[in-house]
Each structure stands twice: as C-alpha cells, then as structure tokens.
Undergrad: 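Pasting a structure here, questions to come.
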Amino acid sequence: MKFRISSNHLLLIFILLAGILLRIWHLMEIPLTHDEFSVVFRTGYDSFEDLIKQGVMVDVHPAGVQVFVNYWVALFGESAIAVKIPFILFGIFSILMVYKLGEEWFNPSVGLIVALFIACLEYTVMYSQIARPYMSGMFFSLLMVFGWQRYLFSPGKTPIAWLIMYVLASAICAYNHYFSLLLAAMVGVTGLFFITRRRLITYSVAGVAIFGLYIPHLSIFFHQFSEKGVEGWLAKPDNDFIIDYIGYIFHFSPLVYALVAIIIVAGIMFNKGHGLLKSKFFYVSLAWFSLPILVGFFYSRYVNAVLQY
C-alpha cells in the first residue's frame, strides 16, 4: 500500500512549520510582560479559596487562566519559557483548527489561506507568546465551533461526541475570557437557526449543560462586572476603532492590504462553487467577526471601557 500525501496537506505542513518557527524563534530571550508577571505573582496560594479571593476576584478576567497558571507553575516553575509554552501550543494548534474549519466551511484553498495568516501575522504570533487568555481563547473558540458545526451539519455516526466537544469547549470559553464567553453565547444562539426540530431538545439540553458548568463562576462574574474594571487605565475607544483594529491586524501595511484585496478579488473571479453569497457560513463568519467588536465598542463607549486590540 503506497502512502501519498496531498499537495494541500504538504502546503499545510509548510505553513505549520513556519508558524512553529515564528513562535519559538529566540524563545529563550522572550521576557515575561507586565500582565504575565501579574498572573505569576497571583499564584502559590495555600488553598483554592485563597486563589479565588486573592488571585481571581481582584482581576477583571474569568478564573480559568489564573487557576490554570497557578497549578501549571506549581508543576513546571515560573520561568518565562515554562509559563509561555502552553499558550504557544494553543497558537500552533489554532493553525490546524482554522485550516480544518476553512476547509469544511468553504474549500481547502480558504483553509490554507486563513491558516497562513494565522501562522504568520504578527498579531497572532505575538499573542501566542503571551500567557494571557487570548490565544487560549482563540483555540477553544475554534474547538467549540468545530464541535458545533460537526454536530449540526455533519454529525456522522457519533453526533453525541461532537455535542460533548461543543459543550466542554463552550464551558472552557466561558471560564477563559469574557469575549470568548460572548462568542460562546452567540454560537449557541446561532445554532437555533439551523437545528432540526428532531434534535432541538438535545441541543437545548446542551445549552443548559453549558450554563450549569458555568454556575460556580457566577459569583465571580457579578463581582467583576460590578467593579469599575480596567477603565481606570484603559481609554474609551475612538469612533474609528474598528477601522484601526483591522489595520492593526494587517500590520498597517499597504502590501498586506493589497494582498488581501487580491485574494478577495481572485476568490470572486475564480469561484466555481455555489457562490459566496449563497453560503450560510459566509454570513455566520461575518456575524461572528463583527458582533463581538460592535458589542465591545458600544459597551466601552457607554458603560465601561474594555476594548483593546
């Protein structure tokens, strides 16, 4: 039996290797940031209760990453490399997950292009090297969406396995960061537009299960949202934040802007499928990208500043 590897998978391997190299380049010289020091300093408590009261309640983020880092450094130490390694791995695995979603939602070319951006953009490379809830949020959001879309659209012979993946990843998103919690809520509601009547009860039970897993965190949630949060040092966003944010993603580089424009135009001109505007995943993608930014923007402008790159 001959082993053959497709050209798409060969390209994916090269993209993955590039992503790994960029994330571990001069790894020994990457220092801990102020935010990471803050996380490490809030570890080593004598009890879980002290960890929550003194390590989590004083912060503005959910408990997940702080609790994880607390036990991680207890096992592997407080060196910069030890603290960063899990988040570098989240960044690497996100490249694979985003390829798989792009491939299944659209086609392998989309998967490869998006994987290349995630692998190489300074935005995603940098946050893969920072032990904060951002790259873990990206990975578990992708894992959540993967389980969600498999259960709804291609469950195969193991729909319950995909549903369990969706439930657990959603709960982790909720404990990871409030923006990944927001996305988890959006994904759950989106599913109501596609779920069949026969599976509606099961899907609803899954939603209840996600909420049930989050119940232990509700007291922290309400405490943190009752505080002023980060507005003491984080300015409210300007009206052009969304445009500025997209520019930040693409390095404010005319070359990258041109590359993205060429990809979009070529995708429209050479599309041989059913057409992008007829794909439900196009509208789902657009909504999931836009709504968290809009919610964060208006919440920051009129309630409490929480939005940053």
Side-chain angles (χ1 to χ4, degrees), residues 32-43 49-70 87 90 123-124 126-127 130-141 144-145 169-190 207 210-211 213-249 286-309:
L32 291 172
T33 64
H34 180 274
D35 281 353
E36 290 172 299
F37 275 121
S38 174
V39 175
V40 174
F41 290 160
R42 288 181 283 117
T43 62
E49 182 180 5
D50 288 341
L51 170 60
I52 296 301
K53 288 183 177 179
Q54 301 175 42
V56 175
M57 299 289 275
V58 297
D59 196 17
V60 294
H61 296 97
V65 168
Q66 186 64 49
V67 172
F68 169 77
V69 172
N70 179 78
F87 300 88
F90 287 139
Y123 188 26
T124 47
M126 181 182 69
Y127 283 109
I130 297 177
R132 297 301 288 136
Y134 313 125
M135 198 49 57
S136 55
M138 182 174 189
F139 171 73
F140 285 109
S141 293
M144 167 184 66
V145 171
S170 296
I172 294 173
C173 284
Y175 277 91
N176 178 83
H177 193 282
Y178 288 123
F179 271 104
S180 53
L181 167 61
L182 173 62
L183 180 63
M186 289 169 47
V187 171
V189 172
T190 303
I210 295 168
F211 179 75
L213 291 171
Y214 189 68
I215 286 176
H217 196 275
L218 285 177
S219 60
I220 299 173
F221 174 90
F222 289 120
H223 169 78
Q224 290 179 335
F225 271 82
S226 68
E227 299 294 314
K228 188 173 180 61
V230 296
E231 192 168 287
W233 58 266
L234 181 65
K236 291 184 178 296
D238 295 327
N239 289 330
D240 62 351
F241 175 86
I242 296 175
I243 296 174
D244 199 44
Y245 174 65
I246 294 173
Y248 181 84
I249 292 174
L286 187 62
W288 289 354
F289 175 78
S290 304
L291 287 177
I293 300 175
L294 293 172
V295 170
F297 176 80
F298 287 109
Y299 184 86
S300 295
R301 289 285 289 181
Y302 300 108
V303 183
N304 182 22
V306 298
L307 195 63
Q308 50 185 326
Y309 291 138

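Just so you know, residue 1 is the first one in the sequence shown, and it goes up from there.
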Undergrad: Just checking I243: does its CD1 atom have more than 12 heavy atoms from other residues, nucleotides or ligands closer to it than 6.0 angstrom?
TA: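 No, not enclosed.
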Undergrad: Looking at every non-hydrogen atom in both residues, tell me the closest pair between V187 and M144 and how far apart they are.
TA: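 Of all heavy-atom pairs spanning V187 and M144, the closest is CG2-CE, 3.8 Å.
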Undergrad: What's the separation between atom OG1 in T33 and atom CD in E36, rounded to the nearest 0.5 Å?
TA: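 Reported value, rounded in 0.5 Å steps: 3.5 Å.
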Undergrad: Do you know the tightest heavy-atom contact between F87 and S136?
TA: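 Shortest heavy-atom separation between F87 and S136 comes out as CE2-OG, 4.1 Å.
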Undergrad: If I compare all heavy atoms of C173 with all of S141, which pair ends up nearest, and what's the gap?
TA: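 Of all heavy-atom pairs spanning C173 and S141, the closest is SG-N, 3.5 Å.
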Undergrad: Please find the pair of heavy atoms, one from N176 and one from P133, that lie closest to each other, and give the distance.
TA: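 Shortest heavy-atom separation between N176 and P133 comes out as ND2-O, 2.7 Å.
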Undergrad: Among all residues two or more places apart in sequence or in another chain, which pass the side-chain contact (heavy atoms from CB on, under 4.5 Å) test with D244?
TA: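 D244 satisfies side-chain contact (heavy atoms from CB on, under 4.5 Å) with F252, Y309 once adjacent residues are dropped.
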Undergrad: Using a 3.5 Å distance criterion without hydrogens, assess whether the side chain of S170 forms a donor-acceptor pair with backbone atoms of I210.
TA: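 Flag not set: sc S170 to bb I210 has no pair under 3.5 Å.
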Undergrad: Taking all atoms of both residues into account, what is the closest heavy-atom pair of P237 and F297, and its distance?
TA: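 It is CG-CD1, 3.8 Å.
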Undergrad: Do the side chain of S300 and the main chain of K236 share a donor and acceptor less than 3.5 angstrom apart?
TA: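 No, because the side chain of S300 does not come within donor-acceptor range (under 3.5 Å) of the backbone of K236.
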Undergrad: What pair of heavy atoms forms the shortest contact from Q54 to R42, and how long is it?
TA: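 Looks like O-CD, 4.0 Å.
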Undergrad: Does a side-chain heavy-atom distance below 4.5 Å link Y178 with V306?
TA: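 A side-chain contact is absent here, since even the closest heavy-atom pair is not under 4.5 Å.
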Undergrad: Can you tell me how far apart CG (L291) and CG (L286) are? Round to the nearest 0.5 Å.
TA: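 So the CG of L291 and the CG of L286 are separated by 8.5 Å.
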Undergrad: Should the ring pair Y245 and F241 be called parallel, tilted or perpendicular, given that the plane angle runs from 0 to 90° and is split at 30 and 60?
TA: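 Aromatic pair Y245/F241 classed parallel.
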Undergrad: For the atom pair NE2 (H223) and CG (L218), what is the distance rounded to the nearest 0.5 Å?
TA: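 One finds 14.5 Å between NE2 of H223 and CG of L218.
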Undergrad: First locate atom CG of L213, then atom OH of Y175, and finally report the distance between them rounded to the nearest 0.5 Å.
TA: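 L213 atom CG to Y175 atom OH measures 7.0 Å (nearest 0.5 Å).
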Undergrad: Say whether, by atom type as modelled, one donor and one acceptor occur between the side chain of Q224 and the main chain of V56 under 3.5 angstrom.
TA: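 Checking the backbone N and O of V56 against the side chain of Q224, a donor-acceptor pair under 3.5 Å is found.
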Undergrad: Look up atom CZ in F41 and atom CG in L32, then write down how far apart they are to the nearest 0.5 Å.
TA: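 Reported value, rounded in 0.5 Å steps: 8.5 Å.
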Undergrad: Can you tell if the side chain of D35 reaches within under 4.5 Å of the side chain of I130, non-hydrogen atoms only?
TA: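 SC-SC contact between D35 and I130 ruled out.
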Undergrad: For the CG atom of L307 and the CZ atom of F298, what is their distance to the nearest 0.5 Å?
TA: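 Atom-to-atom, L307:CG and F298:CZ are 11.5 Å apart.
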Undergrad: Suppose we screen for side-chain contact (heavy atoms from CB on, under 4.5 Å). Which residues come up paired with Y134, at least two apart in sequence or across chains?
TA: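 Only H61, Y127, R132, H177 meet the side-chain contact (heavy atoms from CB on, under 4.5 Å) criterion with Y134.
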Undergrad: Please walk me through it: do N239 and R301 pass side-chain contact (heavy atoms from CB on, under 4.5 Å)?
TA: CA-CA 9 Å; N239 289 330; R301 289 285 289 181; 3.2 Å; yes
